[in-house]
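One structure is given below, encoded as C-alpha cells.
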Number of protein chains: 2
Amino acid sequence: MNIDKKKRLERSGWTAGGAADFLELTPEEASFIELKLALATGIREVRHRSGLTQTEVAARLGSSQSRVAKMEAGDRSVSLDLLVKSMLRIGASPTVIAKWIRRAETNRAV
Amino acid sequence: MNIDKKKRLERSGWTAGGAADFLELTPEEASFIELKLALATGIREVRHRSGLTQTEVAARLGSSQSRVAKMEAGDRSVSLDLLVKSMLRIGASPTVIAKWIRRAETNRAV
DNA sequence: AATCGCTATGTCCAGTATGACATATATCGA
DNA sequence: TCGATATATGTCATACTGGACATAGCGATT
C-alpha cells in the first residue's frame, strides 16, 4: 500500500481499531475499503471526463457538492449504495462499475 | 423482464412509485435493482457451492439467518454494502464480485 | 490582497439499515 | 403424522447514512 493511499485512508477517517495503525484490518475489511476507494476514483474520473464540477454533478444527482466531495474521497459516511447509484446516474454501466471494482484487486501494491 | 424476476421484485417490496406497476423505474433505478439481485444470487451461489446453510453463513458473518435470507432475496432492507461485505467474507474476491455485477447487465431479458 | 471558482471538512437530524428475535412455511425421513 | 432441519417473513431498537448548510482551503486572475 503506497503513501498516498495511506494518507487518503487516514483523511477519510479509516483508523481500524483505535490506534492510528490502520493495518489492523482483516483482509476482507481491506478489500472492502480498496473497493470503495476504487469506485470513488471511478466517480472522479467519470466526472472529469465529462468536464463537470462537483456542484454540477451534485445537481444531477439531487445531492450536494459536499457529498460529492465525500464520495470522491471515499469518506466513511459514504455507502457503496450511494457510490454505485451515483455512478449509474452519471452514465456508467454496470460493466464499467465492474471494471472499477476489479481494479480494486490489482491495485494491491504491497 | 421475466415472470420470476417480477415476482421476486414484488416479494422484495420493490413497487416503484406506489402502484403495483413497478415499471415506473428510471433506467438507473432498474440497473441498480438488477445489480443488487445479481449479487443476491451470487451470495446464494457461493453459499451453495460451499455446502453451507444460511445459519452457518450467518455465524461466519456475525449476523442472523433471517438477514442472510433477506440478502439472498434482494430485500429492500439490504444494502449493497452488506451484500458486498458478505461476499468478501465468504471468500469471494473483488473480481468475482465484479463478475456478478457484469451479469446484471447481460441479464436484461426484455 | 481581494475576489472568484472549485474542492474539502465538519456538523446536524430525518430517514434508513441491521442484528436480533419471533414466527411461519417447506421439505424430508422415520 | 410427527419431528427435525432449512428457509422465509415481520417487527423493533439502535446505529448508520445522506442532504443540507456552514465554513475553510487553495490556486488563478486582476
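Chain letters run A, B, ... following the sequence lines, proteins first and then strands; every chain starts at 1.
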What heavy-atom pair brings [X] and [Y] nearest, and what distance separates the two atoms?
X        : Y        : value
B/Gln65  : B/Gln54  : NE2-OE1, 2.9 Å
A/Leu88  : A/Ser93  : CD2-C, 4.4 Å
A/Met71  : A/Val78  : N-CG2, 3.8 Å
A/Ala104 : A/Ala38  : CB-CB, 3.9 Å
B/Pro94  : A/Ile101 : O-CG2, 3.5 Å

ask   = In a check of side chain to side chain contact (heavy atoms under 4.5 Å, CB included) between B/Arg67 and each of B/Leu82, B/Asp75, B/Leu61, which one passes?
value =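 When side chain to side chain contact (heavy atoms under 4.5 Å, CB included) is applied between B/Arg67 and each of B/Leu82, B/Asp75, B/Leu61, only B/Leu82 qualifies.
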Rounded to whole angstroms, how far apart are [atom1] on [X] and [atom2] on [N]?
X       : N      : atom1 : atom2 : value
A/Met71 : C/dT9  : CE    : P     : 15 Å
A/Arg76 : C/dA17 : CZ    : P     : 18 Å
B/Arg67 : C/dA20 : CZ    : P     : 10 Å
A/Gln65 : D/dA20 : CD    : C1'   : 12 Å
B/Glu72 : D/dA6  : CD    : P     : 14 Å
A/Asp75 : C/dG10 : CG    : C1'   : 10 Å

request  = Compare all side-chain heavy atoms of A/Glu56 with those of A/Arg60 and state whether any distance is below 4.5 angstrom.
outcome  =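 Contact flag for A/Glu56/A/Arg60 side chains = no.
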message = Do A/Leu80 and A/Leu35 have side chains that approach each other closer than 4.5 Å (heavy atoms only, starting at C-beta)?
response = yes
remark   = By nearest-nucleotide position on DNA chain D, the 5'-leaning member of A/Lys70 and B/His48 is B/His48
ask   = Do A/Ser64 side-chain and D/dC21 base share a donor-acceptor contact under 3.5 Å?
value =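 In this structure, the two groups form no donor-acceptor pair.
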inquiry  = When you measure from the side-chain N and O atoms of B/Arg47 to the phosphate of D/dT7, is any distance below 4.0 Å, counting only OP1 and OP2?
reply    = yes
query = Do the charged groups of A/Glu45 and A/Arg49 touch, with an N to O distance under 4.0 Å?
reply = yes
inquiry  = Heavy atoms only, 4.0 Å cut-off, all strands: where does B/Ser63 land among base, sugar-phosphate and nothing?
reply    =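 B/Ser63: backbone/sugar contact only, no base atoms under 4.0 Å.
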inquiry  = At a heavy-atom distance below 4.0 Å, what parts of residues 49-56 of chain B sit against DNA chain C?
reply    =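 Going residue by residue through residues 49-56 of chain B, none turns out to have a heavy atom under 4.0 Å of DNA chain C.
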ask   = Hey, can you pull the residues of residues 78-86 of chain B with a non-hydrogen atom under 4.0 angstrom from DNA chain C?
value =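 Contacting residues: B/Val78, B/Ser79, B/Leu82.
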query = Among C/dA8, D/dT7, D/dC21, which is the nearest nucleotide to the side chain of A/Arg44?
reply =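 Ranking C/dA8, D/dT7, D/dC21 by closest atom to the A/Arg44 side chain puts C/dA8 first.
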